[in-house]
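Reminder, nothing fancy here: chain letters follow the sequence lines and each chain counts from 1.
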2 protein chains.
Amino acid sequence: MLGELKALTQLEFSLTSDRPQPGMLRPRGRTERIRTAVLAATRAELQAHGYAELTVERVADAAGVAKSTVYRRWRDTTGLLTELLRELVRTDLPLPDSGSIETDLRELALGISRFYADPVQRSLFLGVIAAAVHDPRAADALREFYAARNSQAAESVQRAVKRGELPADTDPVEVIRALGAPFYYRMLVTHEPVNDAVAEKAAAAALAAVRAGAHRTR
Amino acid sequence: MLGELKALTQLEFSLTSDRPQPGMLRPRGRTERIRTAVLAATRAELQAHGYAELTVERVADAAGVAKSTVYRRWRDTTGLLTELLRELVRTDLPLPDSGSIETDLRELALGISRFYADPVQRSLFLGVIAAAVHDPRAADALREFYAARNSQAAESVQRAVKRGELPADTDPVEVIRALGAPFYYRMLVTHEPVNDAVAEKAAAAALAAVRAGAHRTR
DNA sequence: ACCTTAACGCGACTCGCGTTTCATTACCAT
DNA sequence: ATGGTAATGAAACGCGAGTCGCGTTAAGGT
């Protein structure tokens, strides 16, 4: 029981039944203040120096907290990044619903390109993706994030299928993944800038592919 | 002439004019043996333990070389990986030329999926991509590698354009990049396995997109 | 107001990566 | 073969990330 207290910050209290018993954890008050301060400091460090120089000690100093506290609760910088990601998935984005899959896909793509125009978000994702290569925790956080986000965005595709705009056996999530792939290729492999022009091309390519039946179940 | 021999290991004295004068470097003999041994040891370590546990000291031990030697010539593990990449771009792959862009794209995609089925190649690329997030040397190595490989593969597309199979203003390299993007999305973001089925879908999507004119110059 | 104890702060400590120094080796030109 | 000198080997060293133990603080139930 007590051994799992650390799990609080990582997976939050979602699974532990919330009962106000003696001998329980104390998520309110100081603990919560520190959590907020540390995450804010992490974001600030990402903006100021980027992922490359992100250090637990620097984050702790910036947050005005002992470094042992950060190590205890988040373990390392990857723990900080993954929690920022879990934080992000909770904030919901506006999803397009124009009635046309063409404009919906374009708006989704433009949303992606503008999202990564923010240096903080860009550093955050690049950092988590880089960490995920050798850290299963980061990989899990990524999977969870995109499972949520992609299924939300896939609703546009789902509606288009119902309207008869797209083949009936289209895999909606697969379309969204195909839409996003070019962005990650550019950010990770070729390190090219990601802008609206890229978004337009990605949307056009995804649209053509799904219309041709390239993204079907099976 | 001799000046480039050292550049083969790192950039080092690339700026010194090459003169076969006394007081030059010694790229043959022991130096070359060590280079081969260290790179082979790096590959072996990648296969045995993966990128996560790749360490200069372990590579040096495995190669039977002093670690200071490896540090001097390659600086860190990223230096080792980037040189493996530069080594790889020199070995040329068979390029498809079936006379049909559809089968060419499919064969190219299958080649990619089979390439990354090899744990060593997979670890190598994931490692370099992860390092490139915060290390410009790795980013440069990646750019050079794909600039070479993609332009080679783009010849298939170029031929298809000339045959009239594809729009005249098609950007050949862009088609190849679109073909590759889904693989990196899966390997880096969702950490899904990459197999022949993925390749088939990637080829179909790229084909539909380019036929629809989604990959034109400007 | 009081008590229990989870959570934090602080400092000392460990450990390993990477650096530096200097002696030694062995290329390569003569 | 022989000398000059890159290049390597060996070992000590510095530094900083991450750990540990313990005293202190404050949350939250009574």
Undergrad: Given atom CG of B:Asp61 and atom P of D:dT8, what is their separation to the nearest angstrom?
TA: 16 Å
Undergrad: Find the distance B:Arg73:CZ to D:dA6:C1' and express it as a whole number of Å.
TA: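 Whole-Å distance recorded here is 11 Å.
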Undergrad: Applying salt bridge (charged side-chain N to carboxylate O under 4.0 Å, His left out), name anything that partners A:Glu155, two or more places apart in sequence or on another chain.
TA: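 Salt bridge (charged side-chain N to carboxylate O under 4.0 Å, His left out) list for A:Glu155, sorted by chain: empty.
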Undergrad: Are any non-hydrogen side-chain atoms of A:Ile34 and A:Arg73 less than 4.5 angstrom apart?
TA: yes
Undergrad: To the nearest 10°, give me the bend of the helix from C:dA1-D:dT30 to C:dT30-D:dA1, comparing the axes of its five terminal pairs at either end.
TA: 40°
Undergrad: Residues in salt bridge (charged side-chain N to carboxylate O under 4.0 Å, His left out) with B:Asp118, at least two apart?
TA: none
Undergrad: Taking ring pair (Phe, Tyr, Trp, His ring centres under 6.0 Å) as the cut-off, I'd like each qualifying pair that reaches into residues 36-71 of chain B, sequence neighbours left out, listed once.
TA: none
Undergrad: A:Asp135: which residues meet the salt bridge (charged side-chain N to carboxylate O under 4.0 Å, His left out) condition with it, sequence neighbours left out?
TA: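 Checked A:Asp135 against salt bridge (charged side-chain N to carboxylate O under 4.0 Å, His left out); matches are A:Arg137.
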Undergrad: Give the B/S/- string for nucleotides 16-25 of chain C, one per nucleotide from 5' to 3', where a protein heavy atom under 4.0 Å of the base yields B, of only the sugar-phosphate yields S, and otherwise -.
TA: -SBBBB---B
Undergrad: C:dC8 C1' sits how many Å from A:Glu32 CD, rounded?
TA: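 After rounding, the gap between these two atoms is 15 Å.
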Undergrad: Can you tell me the distance, in whole Å, between the CZ atom of B:Arg33 and the P atom of D:dA7?
TA: 14 Å
Undergrad: So, is A:Thr69 near the phosphate of C:dG9, with a side-chain N or O under 4.0 Å from OP1 or OP2?
TA: yes
Undergrad: What residues, two or more places apart in sequence or in another chain, satisfy side-chain contact (heavy atoms from CB on, under 4.5 Å) together with A:Glu107?
TA: A:Pro96
Undergrad: Output all residues satisfying salt bridge (charged side-chain N to carboxylate O under 4.0 Å, His left out) with A:Arg122, sequence neighbours left out; order by chain, then residue number.
TA: none
Undergrad: Which atom pairs, one a donor and one an acceptor, fall under 3.5 Å between side chains of residues 177-184 of chain B and the rest of the protein, sequence neighbours left out?
TA:
unit_1   : atom_1 : unit_2   : atom_2 : d
B:Arg177 : NE     : B:Glu174 : OE1    : 3.2
B:Arg177 : NH1    : A:Glu192 : OE1    : 3.1
B:Arg177 : NH2    : A:Glu192 : OE1    : 2.7
B:Arg177 : NH2    : A:Glu192 : OE2    : 3.0
B:Tyr184 : OH     : B:Tyr116 : OH     : 2.6
B:Tyr184 : OH     : B:Tyr146 : OH     : 2.6

